[in-house]
There are 2 protein chains.
Amino acid sequence: MSAGKPTLASVAKEAGVSVPTVSQVMRGTGRISEETRQKVLEAAANQRYVPDSRAASMRSGENREIGLVINQISNPFNAEVISGAVSLLESEGYMVSILDPRDDQVRQGRQLEAFIRHGRGGLLWVPAVDTPPETFDLLRTHGIPTVTFLRRVSRNCDHVGIRNAEATATATSYLADLGHRRIAYLGGSLMTYVRKERIEGYEAVLAQRGLGPGIIWPSGDDKRAGMDAMDALLVGHPDVTAVVCNGDMVALGACYSLIRSGIQPGQGVSVIGFDDIEDASVAVPALTTMAVRPNKLGQKLAQILLDRIRTPDMPVMVSDVSAELIVRETTGAPP
Amino acid sequence: MSAGKPTLASVAKEAGVSVPTVSQVMRGTGRISEETRQKVLEAAANQRYVPDSRAASMRSGENREIGLVINQISNPFNAEVISGAVSLLESEGYMVSILDPRDDQVRQGRQLEAFIRHGRGGLLWVPAVDTPPETFDLLRTHGIPTVTFLRRVSRNCDHVGIRNAEATATATSYLADLGHRRIAYLGGSLMTYVRKERIEGYEAVLAQRGLGPGIIWPSGDDKRAGMDAMDALLVGHPDVTAVVCNGDMVALGACYSLIRSGIQPGQGVSVIGFDDIEDASVAVPALTTMAVRPNKLGQKLAQILLDRIRTPDMPVMVSDVSAELIVRETTGAPP
DNA sequence: AAAGATTGATATATCGTTATATCAATTGTC
DNA sequence: GACAATTGATATAACGATATATCAATCTTT
């Protein structure tokens, strides 16, 4: 009703008590008689009082605001990771706000600095490709508990990842078992750690089975990029009968390319994706893929961050989740 | 190197000057000799000093932290809106952090309260379905400049929307011109404002052309939901030859359903989407849709918020962007 | 009934900034 | 050379909360 926004002081005045008393009532600490408690609560409700965490965190040092820095929030896999992490953290009374530097290292730098300026209490982070080590120093200097995921950039930082090599080895073996002899690897930005690991698994199986050197095509991470890459692959290597993809988005794009070229995914050419995003099961034909439980991954992330916040001296935690082959319609024996 | 994190005081000590002097140097205000300026900058760089905006905003009242509350960040249309708004705001020195209440009104309430607690300087917001009016009062009490978009819930709040009725009228007319007589409307959560407006445009054209009462099927907003809804529609109304969809995700799901039933979208049944997300042009067959420029929409949003922040007494601003019909492969004459 | 323990509240200092006022030293004016 | 204006810095208070110490009033204990 009246002027300025509600503060402890304005509530204290209305309730006829001191500021610290109101503070204690709001937080449920200290000794307060039931009578004054009611008076204070009433005044607070009346003014729609909401405590100012900036002031609180400055004084108390505690900060229940977490940042989540992830590239490409529109990727459904990422969205699921976010959802898992946020649910857990919110249930513990933290607020999670999301930043998306869109894999631009400069923008990421700016955002992380803003992040520090605004005094966050913790960070969940997929580092952009080419993140310089100084960025970690900066976070450490300002004492921000950090967990990276998907991309491991620093050995001194808690991390949650995927058993990438294991997963692509499973995928490649499966295709080889079906009888495929020319198996390509499609997609992923050239520099990413994740892609490097996945290609290792793919190449290990090729080598082990004597299927010759790999055919490896990088691409962006969306459907359009996957489609373009597959178009190019069909021209450059018409003998390929199976493709392991760096992600479901790329795989779905590749399927579109095949359909446009009159090739039925799963009959003419087999395609395996990675992630098991929702589209993978909805698409026609439904996508065979290496499924990761992104929600679980998000929860694990959040749990490690909470542990780190509560036990700062804990040794570095690293946790890898594995992926599971889900066979749908885009894989079959070679023609 | 040393203990605690860098502050104005620690920098001042190292540079041998007072705290206000350092503050002035960091902000480029006041009168400072070049000599002390250099001393201070050096000390600040040496300690990797980053100002604490919490303290700054408390004292100065200025707050360059903006919240963006949007449901379903994984929807590519939303992701583009976000990108447009964030780019503009960041270029003006604001930090934007994203919250996703996933259309849950309770979660939204909790998040907005946390939002206020943490003292944000502005809000871009797609209100969840069923947002109670008290939520607006709360924001007003705490003096947070707010712009809603897509869903208009309060007449007293700045807003950016889409000319929904106009767009679906265009889509429906186009289908009628092609010769369709049984045109259904598919998708959208029952309660949303957006859907209501879109159905108005659809029904207006049906009435005007004497095409009888509409056939209206609600559904969720993702592909799976669109697929299920189309499955049901095929059973319930086998005479339908064209479908106007509430969004591209629903439309793409509907196409999957048609393909699975052996019907070619654009030949057997025509489908028009809404939004023009990236998938719309990549999909096979490519989707005819009502295109909105989400990036523009995001920028407009940001601009209005900035105006509101700078001119709090400005009259309520409402801006509607129009959508454009993009004909691709999922529409054609009825069989 | 005197001494100590408990209860319910408050006074004060502090977190890291910025706004305002003040102040000494230098410069300019006539 | 006296007085005002400017320069370059600092002292102080405030933002809104919390931590710590303190304190009067009440309750135990023997």
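Just so we're on the same page: letters track the sequence lines, and every chain starts at 1.
- Minimum atom distance to the side chain of A/S18 is reached by C/dT10, of the listed D/dT10, D/dC15, C/dT10.
- Closest heavy-atom contact between B/R120 and A/S97: NH2-OG, 3.8 Å.
- Atoms CD1 (B/I116) and P (D/dA17) sit 13 Å apart, rounded to a whole Å.
- Distance from the side chain of B/L8 is smallest for C/dT18 among the nucleotides C/dT10, C/dT18, D/dA11.
- The side chain of A/S23 approaches D/dT18 more closely than any other nucleotide in the set C/dG16, D/dT7, D/dT18.
- Between B/T21 and D/dT10 there is a side-chain N or O to OP1 or OP2 distance below 4.0 Å.
- Distance, A/R64 CZ to D/dA17 C1': 16 Å, rounded to whole Å.
- Between the side chain of B/R151 and the backbone N or O of B/Y193, no donor-acceptor pair lies under 3.5 Å.
- If you check every strand for non-hydrogen atoms under 4.0 Å, A/T36 touches sugar and phosphate atoms only.
- Between A/E34 and B/A55, the residue anchored nearer the 5' end of DNA chain C, judged by the nucleotide with its closest heavy atom, is A/E34.
- In this structure, the NE2 atom of A/H118 is 17 Å from the P atom of C/dG16, given to the nearest Å.
- Counting to the nearest Å, the C1' atom of C/dT17 and the CD atom of B/E62 are 13 Å from each other.
- Side chain of A/Y49, nearest nucleotide from D/dA17, C/dA19, C/dT17: D/dA17.
- The base of C/dT17 is not paired with the side chain of B/R59 by any donor and acceptor separated by under 3.5 Å.
- Heavy-atom contacts from other residues, nucleotides or ligands closer than 6.0 Å to CZ of A/R117 number more than 12.
- Remark: P of C/dT18 and CD of B/Q24 are 10 Å apart, rounded to the nearest angstrom.
- Between the B/S57 side chain and the B/R54 main chain, a donor and an acceptor come within less than 3.5 Å of each other.
- Pairing each heavy atom of B/V316 with each of B/R155, the nearest pair is CG1-O, 4.0 Å.
- The 5' end of DNA chain D is approached more closely, in terms of each residue's nearest nucleotide, by B/V17 than by the other of A/R54 and B/V17.
- Side chain of B/S60 to main chain of B/A56: a donor-acceptor pair is present (N/O by atom type, distance under 3.5 Å, no hydrogens or angles).
- Atoms CZ (A/R31) and P (D/dA21) sit 14 Å apart, rounded to a whole Å.
- Between B/S60 and D/dC15 there is no side-chain polar atom (N or O) within less than 4.0 angstrom of OP1 or OP2.
- Between B/T7 and C/dG16 there is no side-chain polar atom (N or O) within less than 4.0 angstrom of OP1 or OP2.
- Looking at heavy-atom distances under 4.0 Å, A/I32 makes contact with sugar-phosphate atoms alone, never a base.
- Out of C/dT10, D/dA9, D/dT18, the shortest distance to the side chain of B/S33 is found at D/dA9.
- At least one side-chain nitrogen or oxygen of A/R27 sits closer than 4.0 Å to the OP1 or OP2 atom of D/dT18.
- Between the CD atom of B/E35 and the C1' atom of D/dT7 there is a distance of 14 Å, given to the nearest Å.
- Look at CE on A/M58: it is 11 Å from C1' on C/dT18, rounded to the nearest Å.
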